[in-house]
A.B. asks: 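Attaching a single structure in structure tokens format; questions to follow.
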Amino acid sequence: MRIGELAESAGVTTKSIRYYESIGLLDEPRRTSSGYRSYALEAVERLEFVKQAQSSGLSLAEIKSILEIKDRGGQSCEHTRSLLQAHLADLDRKIAELQDARVELRKMYDRAESLDPAACTDENRCQVITETVDAR
């Protein structure tokens, strides 16, 4: 199939296909006598895998590392598992940071409920965001 057919079948753009070829995610296709790219059906499966892996949070470099193992005939499960574990740890860290940020925002919001807008006289800051500091 030609590049446009592959793009439609896999739900990606032709530009993405060319890029994936350039970085080694997708093998360079055969060429017809007139120079058109000609892809096998396996290219659709590979592109679908790339899309699924991306949606799980894996980078293109990580996806390439998995595919390189597969291309050599190896088992990629342990490698993939370690990549996913790293992403889980990163996600857990981000969730903790977001929870901490939520606590701080809740404190500001609650403080705003008790503040008198007429008492906000500092022209350089908002009393909702900054707590009053005694002048020295």
Side-chain angles (χ1 to χ4, degrees):
M1 75 182 82
R2 289 195 178 160
I3 194 167
E5 296 166 317
L6 175 60
E8 187 175 326
S9 294
V12 298
T13 65
T14 57
K15 186 176 180 179
S16 293
I17 292 170
R18 287 185 192 99
Y19 178 68
Y20 293 161
E21 287 174 14
S22 75
I23 63 171
L25 276 177
L26 193 59
D27 290 335
E28 191 72 27
R30 296 183 300 116
R31 297 278 181 160
T32 65
S33 59
S34 55
Y36 289 106
R37 289 173 165 90
S38 179
Y39 296 91
L41 288 176
E42 292 80 26
V44 175
E45 292 175 5
R46 191 155 179 130
L47 288 171
E48 287 173 347
F49 170 76
V50 170
K51 284 175 43 181
Q52 281 184 311
Q54 279 185 300
S55 71
S56 72
L58 295 177
S59 70
L60 291 178
E62 291 168 328
I63 296 165
K64 183 178 178 185
S65 71
I66 294 167
L67 289 172
E68 286 173 344
I69 293 169
K70 299 301 277 182
D71 289 344
R72 291 189 308 262
Q75 298 295 317
S76 62
C77 296
E78 192 58 39
H79 176 67
T80 303
R81 187 173 180 262
S82 68
L83 291 172
L84 293 174
Q85 179 58 41
H87 279 272
L88 283 168
D90 187 49
L91 192 56
D92 287 342
R93 181 189 55 75
K94 288 176 183 176
I95 289 170
E97 288 173 0
L98 286 170
Q99 288 172 331
D100 290 345
R102 188 182 193 293
V103 167
E104 289 304 311
L105 286 172
R106 174 51 74 182
K107 286 179 187 176
M108 286 182 201
Y109 180 82
D110 291 345
R111 184 170 60 243
E113 292 288 309
S114 65
L115 294 173
D116 177 8
C120 186
T121 57
D122 188 331
E123 61 188 46
N124 295 312
R125 63 186 117 185
C126 174
Q127 65 182 346
V128 173
I129 304 297
T130 59
E131 295 184 57
T132 305
V133 180
D134 293 330
R136 293 184 183 187

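Just so it is clear, the model here is predicted, and its values are computed rather than measured. When a residue number appears, it is its place in the shown sequence, counting from 1.
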A.B. asks: For the pair Val50 and Leu60, evaluate side-chain contact (heavy atoms from CB on, under 4.5 Å) and give the outcome as yes or no after the intermediate values.
C.D. replies: CA-CA 8 Å; Val50 170; Leu60 291 178; 4.2 Å; yes

A.B. asks: Would you say Ile69 and Tyr20 are hydrophobically clustered, going by side-chain heavy atoms of ILVMFWY under 4.5 Å?
C.D. replies: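 Different hydrophobic clusters.
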
A.B. asks: Under 4.0 Å between a side-chain nitrogen and a carboxylate oxygen: does that hold for Lys107 and Glu104?
C.D. replies: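 So Lys107 pairs with Glu104 through a salt bridge.
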
A.B. asks: Hey, does Tyr109 have a side-chain heavy atom less than 4.5 Å from the side chain of Glu113?
C.D. replies: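 With C-beta onward as the side chain, the pair touches.
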
A.B. asks: Is any side-chain heavy atom of Leu83 less than 4.5 Å from a side-chain heavy atom of His79?
C.D. replies: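 Contact flag for Leu83/His79 side chains = yes.
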
A.B. asks: Could you give the distance from CG (Asp92) to NZ (Lys94), rounded to the nearest 0.5 Å?
C.D. replies: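 Rounded to the nearest 0.5 Å, the CG-NZ separation comes out at 11.0 Å.
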
A.B. asks: Are there more than 12 heavy atoms of other residues, nucleotides or ligands under 6.0 Å from atom CZ of Arg31?
C.D. replies: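 Count over threshold, so yes.
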
A.B. asks: Passes side-chain contact (heavy atoms from CB on, under 4.5 Å), Glu68 versus Lys64? Steps please.
C.D. replies: CA-CA 6 Å; Glu68 286 173 344; Lys64 183 178 178 185; 3.1 Å; yes

A.B. asks: Which heavy atom of Arg2 sits nearest to which heavy atom of Tyr36, and what is that distance?
C.D. replies: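 What the structure gives for the nearest pair is NH2-CD1, 3.7 Å.
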
A.B. asks: Going by heavy atoms in the side chains, are Leu58 and Ile66 under 4.5 Å from each other?
C.D. replies: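 Side-chain contact under 4.5 Å: yes.
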
A.B. asks: For a quick test of reading the model, state the closest non-hydrogen atom pair linking Lys51 to Gly11 and the distance between them.
C.D. replies: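 Heavy-atom minimum between the residues: NZ-O, 3.6 Å.
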
A.B. asks: Do other residues, nucleotides or ligands put more than 12 heavy atoms under 6.0 Å from Gln75 CD?
C.D. replies: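 Not more than 12 within 6.0 Å, no.
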
A.B. asks: List the steps, then state whether side-chain contact (heavy atoms from CB on, under 4.5 Å) holds for Phe49 with Ile63.
C.D. replies: CA-CA 9 Å; Phe49 170 76; Ile63 296 165; 4.0 Å; yes

A.B. asks: Calculate, to the nearest 0.5 Å, the distance between atoms CG and CG belonging to Leu105 and Asp110 respectively.
C.D. replies: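 One finds 11.0 Å between CG of Leu105 and CG of Asp110.
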
A.B. asks: Tell me the closest heavy-atom pair linking Ala7 and Thr13, and the distance in Å.
C.D. replies: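 Scanning both residues completely, I find the closest heavy atoms to be CB-C, 4.0 Å.
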
A.B. asks: Work out which heavy atom in Leu41 is nearest to a heavy atom in Met1; give both atom names and the distance.
C.D. replies: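 Scanning both residues completely, I find the closest heavy atoms to be CD2-CE, 3.3 Å.
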
A.B. asks: Using modelled atom types and a 3.5 Å cut-off, is there a donor and acceptor pairing between side-chain atoms of Arg37 and backbone atoms of Gly4?
C.D. replies: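 The answer is no, because no donor-acceptor pair under 3.5 Å joins these two groups.
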
A.B. asks: Using every non-hydrogen atom in the two residues, find where Arg18 and Ile3 come nearest and quote the distance to one decimal.
C.D. replies: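 Scanning both residues completely, I find the closest heavy atoms to be CG-CD1, 3.9 Å.
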
A.B. asks: Would you compute the distance between atom OG of Ser9 and atom CD of Glu45 and round it to the nearest 0.5 angstrom?
C.D. replies: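 Going from the OG atom of Ser9 to the CD atom of Glu45 covers 11.5 Å.
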
A.B. asks: Counting only heavy atoms from other residues, nucleotides and ligands, does the tally under 6.0 Å from CD of Glu48 exceed 12?
C.D. replies: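 Buried by this count: over 12 neighbours within 6.0 Å.
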
A.B. asks: Just wondering, do Val128 and Arg111 contact through their side chains at under 4.5 Å, heavy atoms?
C.D. replies: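 Counting from C-beta outward, Arg111 and Val128 never come under 4.5 Å.
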
A.B. asks: I need the Leu115 CG to Met108 CE distance, nearest 0.5 Å.
C.D. replies: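 Here the rounded value is 12.0 Å.
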
A.B. asks: Would you mind reporting whether Glu21 and Pro29 have side-chain heavy atoms less than 4.5 Å apart?
C.D. replies: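 A side-chain contact under 4.5 Å exists here.
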
A.B. asks: Under the 3.5 angstrom rule, does the side chain of Arg46 hit a backbone N or O of Leu25 as a donor-acceptor pair?
C.D. replies: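 Checking the backbone N and O of Leu25 against the side chain of Arg46, a donor-acceptor pair under 3.5 Å is found.
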
A.B. asks: Quick test of your reading of the model: are Glu78 and Arg81 salt-bridged, counting only N-O distances below 4.0 Å?
C.D. replies: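 Counted as a salt bridge, because a side-chain N and a carboxylate O are separated by less than 4.0 Å.
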
A.B. asks: If you look at every heavy atom in Gln127 and Pro117, which pair is closest and at what distance?
C.D. replies: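 Nearest pair, atom of Gln127 first, then Pro117: NE2-CA, 4.0 Å.
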
A.B. asks: Atom OG in Ser38, atom CD in Glu5: separation rounded to 0.5 Å?
C.D. replies: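 The CD atom of Glu5 is 9.0 Å from OG of Ser38, to the nearest 0.5 Å.
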
A.B. asks: When you measure from the side chain of Ser65 to the backbone N and O of Glu62, does any donor-acceptor pair fall under 3.5 Å?
C.D. replies: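 Present.
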
A.B. asks: Among Val44, Asp27, Leu26, which residue satisfies the side-chain contact (heavy atoms from CB on, under 4.5 Å) criterion with Tyr39?
C.D. replies: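 Going through the options one by one, the only one that passes is Leu26.
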
A.B. asks: CG of Leu84 to OG of Ser82: how many Å apart, nearest 0.5 Å?
C.D. replies: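 The CG atom of Leu84 sits 8.0 Å away from the OG atom of Ser82.
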
